[in-house]
Each structure stands twice: as C-alpha cells, then as structure tokens.
Amino acid sequence: MEMRTDTPKTPVTQNVLFMPSVYNDAMRLLCEAQEYFTEFGDDDQTQMDKNIRSIYTCEMSRITLRLSCVMSWLLAQRSVVSGDIESEQSAHYGLEFQNICRVNNEMLHGILPSYVCYLLDSTLELYERVLRLDSQIQRVH
C-alpha cells in the first residue's frame, strides 16, 4: 500500500468550511428579498403609519446590508479557494458593519409585515452563520 505524501494546494479545512449551502441560502434570500420589495414593498408601505414606514425603510436597508456583506465574504472566500487571492486579502471583504448587522429585531414582530420579519430573522441567522465560519477560518490561519 502506497502512502500519499502530496498536500493539496488549498487547505482542506477551508474547502470544508466553505459550504455551497451557505451560498445557496444567501442567493435564495437575495431573490426572496428582491421579489418581496419589488412586488409588495410599496403596497405595504402605503398602509403604514409614517413612523412605522421609517422603521420599515431602515430595516429594508439592514436586510440589504446583511446580504451584501455575506455575498462579499462568500465571493472573497471562493477567490481564496480558487487561488485568485491570498487568505490575508480576504479579510478586507465582507462582515463589516457588525454593529448594524448583528442587531436582533425580535421587537419588530407584530409591528412590521410578517414577511419583512421573516427576512430580518433569516438574514440575521445567515450573517451569524457566516460570522462563525469566518471565525473558524481565522483560527486555521
């Protein structure tokens, strides 16, 4: 039995940590958010008190920021795995604005439309998931 002594060009741990399901979940949420805001956003806003409308607008921005940060991080990690950039360079992409993105919006349930609350919860969960993956990758390097 011959033992292999060659090592992969990219760390195995990084390939394991970069899960296609995270990318697929991010893309699904991007599509769902875009569809909701395009199809129902204006109608929902016209039915709201102006103070609630202001909160709604801020939370739409939070959803967009979370998704943008996650996608930026995912694309940077994909570039690392494919050898296009070094892992040190990937630290400059994604997961910024944690003070904004990590806000739990449970108090808005029952105030904002239920689908917006679903998007808030789902994007927060995704952002936190990617933050954990990033932490694992940072420990490896």
Looking at Tyr23 and Leu75, would you say the former's side chain and the latter's main chain have a donor-acceptor pair under 3.5 Å? no
| Between Tyr115 and Asp44, does a side-chain contact (heavy atoms from CB on, under 4.5 Å) hold up when you go through it step by step? | CA-CA 10 Å; Tyr115 203 79; Asp44 282 350; over 6 Å; no
### Shared hydrophobic cluster for Leu124 and Leu30 (ILVMFWY, side-chain gaps under 4.5 Å)
no
Joint cluster assignment, Val116 & Leu29, ILVMFWY side-chain distance < 4.5 Å
yes
Glu96 atom CD, over 12 foreign heavy atoms within 6.0 Å: yes
ask   = Where do Ser21 and Arg129 land on the side-chain contact (heavy atoms from CB on, under 4.5 Å) test, with the steps shown first?
value = CA-CA 11 Å; Ser21 66; Arg129 192 167 141 201; 3.3 Å; yes
Correct closest heavy-atom pair for Val70 and Tyr127 would be CG2-CA, 3.9 Å
The reported gap from CH2 in Trp73 to CG in Asp134 (rounded to nearest 0.5 angstrom) is 6.0 Å
Separation between CG (Asp25) and CD (Glu125), nearest 0.5 Å, reads 8.5 Å
Value for CD (Glu32) from CE (Met27), rounded to nearest 0.5 Å, stands at 12.0 Å
*Does the Thr38 side chain pair with the main chain of Glu35, one donor and one acceptor, at a distance under 3.5 Å?*
no
Membership question, hydrophobic clusters at under 4.5 Å side-chain separation (ILVMFWY): are Leu108 and Phe40 in the same one?
yes
Rounded to the nearest 0.5 Å, the CZ atom of Arg53 sits from the SG atom of Cys58 at a distance of 13.0 Å
Note: Leu112 and Cys117 closest approach over all heavy atoms is O-SG, 3.8 Å
Worksheet entry | 4.5 Å side-chain heavy-atom contact, Leu74 and Gln77 | no
For residues 59-66, which side-chain N or O atoms pair as donor and acceptor with protein atoms under 3.5 Å away, sequence neighbours left out?
unit_1 : atom_1 : unit_2 : atom_2 : d
Glu59  : OE1    : Arg62  : NE     : 2.8
Glu59  : OE1    : Asn105 : ND2    : 3.0
Glu59  : OE2    : Arg62  : NH2    : 3.2
Ser61  : OG     : Thr57  : O      : 3.3
Arg62  : NH1    : Ile100 : O      : 2.6
Thr64  : OG1    : Met60  : O      : 3.0
Arg66  : NE     : Cys101 : O      : 2.8
Arg66  : NH1    : Leu120 : O      : 2.8
Arg66  : NH1    : Thr123 : OG1    : 3.1
Arg66  : NH2    : Cys101 : O      : 3.1
Arg66  : NH2    : Val103 : O      : 2.7
Arg66  : NH2    : Asn105 : OD1    : 3.2

When rounded to the nearest 0.5 Å, the distance separating CD1 of Ile111 from CE of Met48 is 11.0 Å
Salt bridge (Lys or Arg N to Asp or Glu O under 4.0 Å) filter on Arg102, not counting sequence neighbours, yields Glu128
Minimal heavy-atom distance between Glu39 and Asp43, with the atoms involved, is O-OD2, 4.2 Å
Shortest non-hydrogen pair, Ala33 vs Leu67, comes out as CB-CD1, 4.2 Å
Exceeds 12 heavy-atom contacts within 6.0 angstrom, atom CD of Gln98 = yes
Nearest heavy-atom approach of Tyr56 to Gly41 is OH-CA, 3.2 Å
Counting only heavy atoms not in Tyr118, do more than 12 sit closer than 6.0 Å to its OH atom? yes
